[in-house]
Amino acid sequence: MKVTLCSVPVEITPRLYKARSEGMAIMPKIAIVSLASWMEKHGYSRDSYDYFDIDMLYPTDDEIVEYFSEMQPTVIGLSAVVSTSYTQVKRISKLVRECLPDSWIVMGGNLSASSEAVLVNTDVDITVVGDGEIAWVEILDYVKKFGRTWNFDELKKIAGICYLDNESNLFFERYGKAIPSDQMPYSDYDLLKTGLRNQ
């Protein structure tokens with residue numbers, strides 16, 4: 001099983017008015033680092049996942065399709081930190097679905113407060129509401145066991161996730177637990193650099 005973690009831009013425009021390298025301030029992706037760290041603590045080695053910093057690189061549609069066509073991940077995680085990321089989530093998930101129809105697309109971040117709108121109007125399969133590290137690893141464990149099958153009895157055991165059931169009803173039962181505060185990772189700049197695709 002291959003996994004890709006992706007940052008999602010906050011801009012709603014298809015192109016930036018200037019390159020990130022021209023002085024646009026971007027914060028380190030703490031959520032991505034925390035997800036990756038929790039994965040590694042639970043049996044997912046560094047070579048089992050990749051990081052694609054879409055927010056920083058701001059690739060074209062063709063570049064996004066080229067990346068996913070080459071990598072062929074089983075699960076794609078989109079980190080959407082604010083509501084203005086919605087347009088980008090819709091764009092990116094559509095591109096992913098077109099080239100990888102059988103991959104799982106999972107979205108977390110503050111945009112998950114609008115999970116129903118995301119799940120109904122984009123190609124996202126599952127959203128993670130609230131703290132995501134534990135739920136993310138449980139989703140990966142689920143995919144390892146069940147593949148692309150929607151087993152709703154098993155999915156409902158994962159706290160903190162939303163999805164649409166067979167009748168397109170929104171399912172959300174409870175928030176998941178946060179990881180212990182003493183296990184919050186420091187920024188992993190080596191990981192963050194890999195997201196830049198050796199640019």
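Treat the numbers as computed from the prediction; the structure is a model and nothing was measured. Quick note: residue numbers are just sequence positions, from 1.
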Inset, instruction - Would you give the length of the straight line joining atom CD of Glu116 to atom OG of Ser168, rounded to the nearest 0.5 angstrom? - result: 10.0 Å
Legend entry - Side chain to side chain, Val33 and Tyr51, heavy atoms closer than 4.5 Å: no
Inset, instruction - Please examine the side chains of Met107 and Ser112, heavy atoms only from C-beta on, and report whether any two atoms are closer than 4.5 Å. - result: yes
Inset, instruction - Answer yes or no: is there a side-chain heavy-atom contact under 4.5 Å between Glu138 and Ile161? - result: no
Inset, instruction - List the steps and the verdict of side chain to side chain contact (heavy atoms under 4.5 Å, CB included) for Leu119 and Phe171. - result: CA-CA 11 Å; Leu119 293 167; Phe171 176 87; over 6 Å; no
Inset, instruction - Could you walk me through whether Thr60 and Asp62 pass side-chain hydrogen bond (donor to acceptor under 3.5 Å, both in side chains), step by step? - result: CA-CA 5 Å; Thr60 65; Asp62 288 344; 5.3 Å; no
Inset, instruction - Could you grab the distance from atom CG of Asp55 to atom OG of Ser79, nearest 0.5 Å is fine? - result: 9.0 Å
Inset, instruction - May I ask you to decide if the ring planes of Tyr175 and Phe172 are parallel, tilted or perpendicular, using 30° and 60° as cut-offs? - result: perpendicular
Legend entry - Pro9 and Ile92, any side-chain heavy atoms less than 4.5 Å apart: yes
Legend entry - Side chain to side chain, Tyr86 and Thr122, heavy atoms closer than 4.5 Å: yes
Inset, instruction - Would you confirm whether Ser69, through its side chain, and Glu66, through its main-chain N or O, come within 3.5 Å as a donor-acceptor pair? - result: no
Legend entry - Identified side-chain contact (heavy atoms from CB on, under 4.5 Å) counterpart of Ser7 within the set Leu57, Asp53, Val81: Asp53
Inset, instruction - Check Val65 against Leu95 and note the closest heavy-atom contact, atom names and distance. - result: CG2-CD2, 4.0 Å
Legend entry - Option among Asn169, Asp125, Ile126 that satisfies the side-chain contact (heavy atoms from CB on, under 4.5 Å) test with Tyr163: Ile126
Legend entry - Pairing of Lys2 and Asp50 as salt bridge, 4.0 angstrom limit: no
Inset, instruction - Indicate, with yes or no, if Trp104 and Ile32 share a hydrophobic cluster defined by side-chain heavy-atom contacts under 4.5 Å among Ile, Leu, Val, Met, Phe, Trp and Tyr. - result: yes
Inset, instruction - Considering non-hydrogen atoms only, spot the tightest contact between Val137 and His42 and give its length. - result: CG1-CB, 3.9 Å
Inset, instruction - Could you grab the distance from atom CD1 of Ile139 to atom CD1 of Ile158, nearest 0.5 Å is fine? - result: 5.5 Å
Legend entry - Same apolar cluster (I L V M F W Y, side chains within < 4.5 Å links), Val128/Phe152: yes
Inset, instruction - List the steps, then state whether side chain to side chain contact (heavy atoms under 4.5 Å, CB included) holds for Lys94 with Lys90. - result: CA-CA 6 Å; Lys94 181 177 185 290; Lys90 189 168 186 175; 5.8 Å; no
Legend entry - Backbone N/O of Val124 and side chain of Arg97: donor-acceptor pair under 3.5 Å: no
Inset, instruction - Compare all side-chain heavy atoms of Phe52 with those of Ile76 and state whether any distance is below 4.5 angstrom. - result: no
Legend entry - Student check: side-chain heavy atoms of Gln72 and Leu100 closer than 4.5 Å: yes
Legend entry - Leu78: which of Val106, Leu5, Val8, Val118 passes side-chain contact (heavy atoms from CB on, under 4.5 Å): Val8
Inset, instruction - Might you point out which heavy atoms bring Ala135 and Ala159 nearest each other, and give the distance in Å? - result: CB-O, 3.6 Å
Inset, instruction - Indicate, with yes or no, if Val129 and Val89 share a hydrophobic cluster defined by side-chain heavy-atom contacts under 4.5 Å among Ile, Leu, Val, Met, Phe, Trp and Tyr. - result: no
Legend entry - CA sep, side-chain torsions, deciding dist, call: Met39, Val3, side chain to side chain contact (heavy atoms under 4.5 Å, CB included): CA-CA 11 Å; Met39 286 172 64; Val3 177; 4.3 Å; yes
Legend entry - Glu154 CD: over 12 foreign heavy atoms closer than 6.0 Å: yes
Legend entry - Where Ile64 and Pro59 come nearest, the two heavy atoms and their spacing: CG1-CG, 3.5 Å
Inset, instruction - Evaluate side-chain hydrogen bond (donor to acceptor under 3.5 Å, both in side chains) for Tyr58 paired with Gln88, printing each intermediate quantity in order. - result: CA-CA 10 Å; Tyr58 219 89; Gln88 297 285 355; 2.9 Å; yes
Legend entry - CD-OG distance between Glu98 and Ser93, expressed to the nearest 0.5 angstrom: 9.5 Å
Inset, instruction - List the steps and the verdict of side chain to side chain contact (heavy atoms under 4.5 Å, CB included) for Asn151 and Tyr142. - result: CA-CA 9 Å; Asn151 185 324; Tyr142 169 91; 3.4 Å; yes
Legend entry - Heavy-atom side-chain proximity of Asp123 to Val96 below 4.5 angstrom: no
Inset, instruction - Mind checking the CH2-CG spacing from Trp38 to Leu140? Nearest 0.5 Å is all I need. - result: 13.5 Å
Inset, instruction - Please name the pair of heavy atoms, one in Phe68 and one in Cys99, separated by the smallest distance, quoted to 0.1 Å. - result: CB-SG, 3.8 Å
Legend entry - Rounded distance [0.5 Å steps], NZ in Lys144 versus OG1 in Thr74: 11.5 Å
